[in-house]
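Take a look at the structure below.
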Amino acid sequence: MVASFIHDIQGQRVVFAAGAVACVADEAARLGLNRALVIATPGSGARLGGRLVEMLGARAAGLHAQAALHVPKPTAEAGVAAARGADGLVAAGGGAAIGLAKIIARDLGLPIIAVPTTYSGSEATAIWGLSMGSASSLARMPACCRARSSTIPSLRWRYRRR
């Protein structure tokens, strides 16, 4: 049996329980979000993102499934444009989706609900990165992900008995 817990630290809340992803709409309501844009990668990220849009219902502003590894500058610009009019973000996936959400949050001052599916750890740091061609920049900006954020791990654990 997996232990369940809720962990609150200043500016960030972690909701951990079997099936916790089902409470994404409740977390959006808790943050006062009424037009949350879901950020994901194409492919499997978009499938998860689509499920989150359904779970959010009327609180969803749509799905932007264009996240890419190392957040290329054109991807960041497209994400910021897509998020105009949203009042929050739901980042679904690994470091690419969460990284893009951080850039958008930095530029537009939006809160993030992270639904991590990998061990990247991006949802727990204030570090964001942006790539421009072969050059990359990294920075620490606590406001980009700590201002009113929630994290809902959706990792699927598999245990095989031998």
Side-chain angles (χ1 to χ4, degrees), residues 5-17 19-69 71-118 120-130 139-155:
F5 64 88
I6 295 175
H7 176 68
D8 276 310
I9 58 174
Q10 185 177 1
Q12 191 173 42
R13 171 180 162 98
V14 176
V15 178
F16 184 91
V21 71
C23 73
V24 69
D26 293 337
E27 286 300 304
R30 191 184 70 76
L31 291 173
L33 305 182
N34 294 304
R35 295 175 320 281
L37 181 66
V38 178
I39 305 296
T41 56
S44 62
R47 286 189 294 279
L48 171 60
R51 289 199 334 256
L52 290 170
V53 166
E54 289 175 10
M55 289 178 194
L56 286 165
R59 293 186 183 280
L63 172 62
H64 181 74
Q66 302 301 318
L69 194 60
V71 191
K73 188 173 182 180
T75 300
E77 290 168 344
V80 169
R84 294 209 187 279
D87 62 0
L89 304 168
V90 176
I98 294 169
L100 177 57
K102 287 182 186 182
I103 296 289
I104 297 167
R106 177 201 68 179
D107 289 0
L108 299 179
L110 300 175
I112 300 170
I113 296 173
V115 182
T117 59
T118 70
S120 75
S122 184
E123 70 283 353
T125 74
I127 298 170
W128 57 268
L130 189 64
R140 174 179 279 277
M141 187 174 182
C144 79
C145 67
R146 301 277 175 163
R148 296 176 54 223
S149 69
S150 294
T151 300
I152 306 168
S154 68
L155 294 170

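Side chains included, hydrogens not; waters and symmetry mates left out as well; all remaining heavy atoms used. Model, not experiment: these values are computed from the prediction. One-based numbering along the sequence shown.
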Side chain to side chain contact (heavy atoms under 4.5 Å, CB included) between His64 and Leu100: does it pass, once the steps are laid out? CA-CA 10 Å; His64 181 74; Leu100 177 57; 4.1 Å; yes
Begin from the C-alpha positions of Ile113 and Leu33 and carry the test side chain to side chain contact (heavy atoms under 4.5 Å, CB included) through to its verdict. CA-CA 10 Å; Ile113 296 173; Leu33 305 182; 4.1 Å; yes
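Leu52 has its side chain within reach of Val21: a pair of non-hydrogen atoms, C-beta onward, lies under 4.5 Å apart.
Ala40 and Ala46 get closest at one heavy-atom pair: CB-N, 4.1 Å. The minimum heavy-atom distance between Ile98 and Ala114, with the atom names listed, is CD1-CB, 4.4 Å. Minimum heavy-atom separation, Ala67 to Ile39: CB-CG2, 4.5 Å. When all heavy atoms of Val71 and Ala76 are compared, the closest pair comes out as CG1-CB, 3.9 Å.
A salt bridge links Arg30 with Glu27; the closest basic N to acidic carboxylate O contact falls under 4.0 Å.
Note: Leu69 CG to Thr75 OG1 = 10.5 Å, rounded to the nearest 0.5 Å. With values rounded to the nearest 0.5 angstrom, Asp26 atom CG is found 10.0 Å from Leu56 atom CG. From Leu37, atom CG reaches atom CG of Leu63 across 7.5 Å, with rounding to the nearest 0.5 Å.
Side chain of Arg59 to backbone of Ala36: no donor-acceptor contact under 3.5 angstrom is found.
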Residues 85-93, side-chain donor-acceptor partners within the protein, below 3.5 Å, at least two apart:
{"unit_1": "Asp87", "atom_1": "OD1", "unit_2": "Asn34", "atom_2": "N", "d": "3.3"}
{"unit_1": "Asp87", "atom_1": "OD1", "unit_2": "Arg35", "atom_2": "N", "d": "2.8"}
{"unit_1": "Asp87", "atom_1": "OD2", "unit_2": "Asn34", "atom_2": "N", "d": "2.7"}
{"unit_1": "Asp87", "atom_1": "OD2", "unit_2": "Arg35", "atom_2": "N", "d": "3.4"}

